[in-house]
Chemist: 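First, the structure itself, so that you have it in front of you.
Source: prediction; values computed, not measured.
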Amino acid sequence: MALKVKLTKSFSGSSEDMLATIKGLGLKKFGDERLLKDTPAVRGMVFKVKHLVSLETVSQEAPAPKRRKPRKIVARDRALERLAAQAKA
């Protein structure tokens, strides 16, 4: 089970708490939609901004969040690849 959350109204003029909640839900702009795990924490966040979002329960499983490397590590890896390519040439 998962929750499909969609930002249906503009969040301009909302308080800092509501903006942080919208950001925490992963919604960035009007019309954005996310599939989230059905947990009490997520339901509480949705309840806090219920006048701005629409909520739908779906039978799909929410995708696991992908872990990304920090920018500093990605830049280091690219620099090492460039050095290795230059050494071959």
Side-chain angles (χ1 to χ4, degrees):
M1 295 287 278
L3 297 174
K4 185 186 272 187
V5 182
K6 184 175 185 178
L7 188 60
T8 55
K9 292 191 177 180
S10 172
F11 52 82
S12 65
S14 298
S15 67
E16 290 293 323
D17 285 350
M18 289 183 196
L19 293 176
T21 303
I22 291 169
K23 186 177 178 182
L25 287 170
L27 303 171
K28 294 179 181 170
K29 60 183 179 181
F30 182 76
D32 262 0
E33 214 173 68
R34 294 282 317 267
L35 201 58
L36 303 169
K37 278 187 175 179
D38 188 5
T39 63
V42 170
R43 284 192 176 267
M45 292 170 74
V46 169
F47 182 78
K48 190 169 185 175
V49 292
K50 64 185 175 198
H51 58 289
L52 301 175
V53 298
S54 67
L55 178 68
E56 181 182 342
T57 304
V58 294
S59 60
Q60 296 174 324
E61 288 296 320
K66 294 179 183 175
R67 186 170 180 165
R68 293 186 289 179
K69 292 181 180 177
R71 288 183 191 176
K72 190 167 76 176
I73 302 300
V74 171
R76 183 197 66 192
D77 291 347
R78 285 184 186 156
L80 289 174
E81 288 174 6
R82 272 188 248 128
L83 287 174
Q86 287 176 354
K88 284 184 180 179

Chemist: With rounding to the nearest 0.5 Å, note down the distance linking CZ in Phe11 to NZ in Lys23.
Modeler: 11.0 Å
Chemist: Is it the case that one hydrophobic cluster holds both Leu19 and Phe47, taking links as side-chain heavy atoms less than 4.5 Å apart, direct or via other members?
Modeler: no
Chemist: Considering all heavy atoms of both residues, which atom of Glu61 and which atom of Leu35 are nearest to each other, and what is their separation?
Modeler: O-CD2, 3.9 Å
Chemist: If you measure from CG on Leu25 to CE on Met45, what distance do you get to the nearest 0.5 Å?
Modeler: 4.0 Å
Chemist: Please tell me if the side chains of Arg71 and Arg76 come closer than 4.5 Å, counting only heavy atoms from C-beta onward.
Modeler: no
Chemist: Among Arg34, Glu33, Lys6, whose side chain to side chain contact (heavy atoms under 4.5 Å, CB included) with Leu27 holds?
Modeler: Arg34
Chemist: Which pair of non-hydrogen atoms, one from Lys69 and one from Val74, has the smallest distance, and what is that distance?
Modeler: CB-CG2, 3.7 Å
Chemist: For residues Ala62 and Lys37, report the shortest heavy-atom separation together with the two atoms involved.
Modeler: CB-N, 3.5 Å
Chemist: Find out if a path of hydrophobic residues (ILVMFWY) with successive side-chain heavy-atom gaps under 4.5 Å connects Val58 to Val46.
Modeler: no
Chemist: Could you go through the side chain to side chain contact (heavy atoms under 4.5 Å, CB included) check for Met1 and Thr57 one step at a time?
Modeler: CA-CA 7 Å; Met1 295 287 278; Thr57 304; 3.3 Å; yes
Chemist: Would you say that Ile22 contacts Val53 through its side chain, given a criterion of any heavy-atom pair below 4.5 Å between the two side chains?
Modeler: no
Chemist: Apply side chain to side chain contact (heavy atoms under 4.5 Å, CB included) to Lys29 and Leu7, showing your working.
Modeler: CA-CA 7 Å; Lys29 60 183 179 181; Leu7 188 60; 5.9 Å; no
Chemist: Heavy-atom distance under 4.5 Å between the side chains of Arg43 and Asp38, does that happen here?
Modeler: yes
Chemist: Applying side chain to side chain contact (heavy atoms under 4.5 Å, CB included) to Leu52 and Ser14, what does each step give before you reach the verdict?
Modeler: CA-CA 10 Å; Leu52 301 175; Ser14 298; 3.9 Å; yes
Chemist: Report the C-alpha distance between Met18 and His51 in whole Å, list the side-chain angles of each, state the deciding distance to 0.1 Å, and finish with yes or no for side chain to side chain contact (heavy atoms under 4.5 Å, CB included).
Modeler: CA-CA 11 Å; Met18 289 183 196; His51 58 289; 3.8 Å; yes
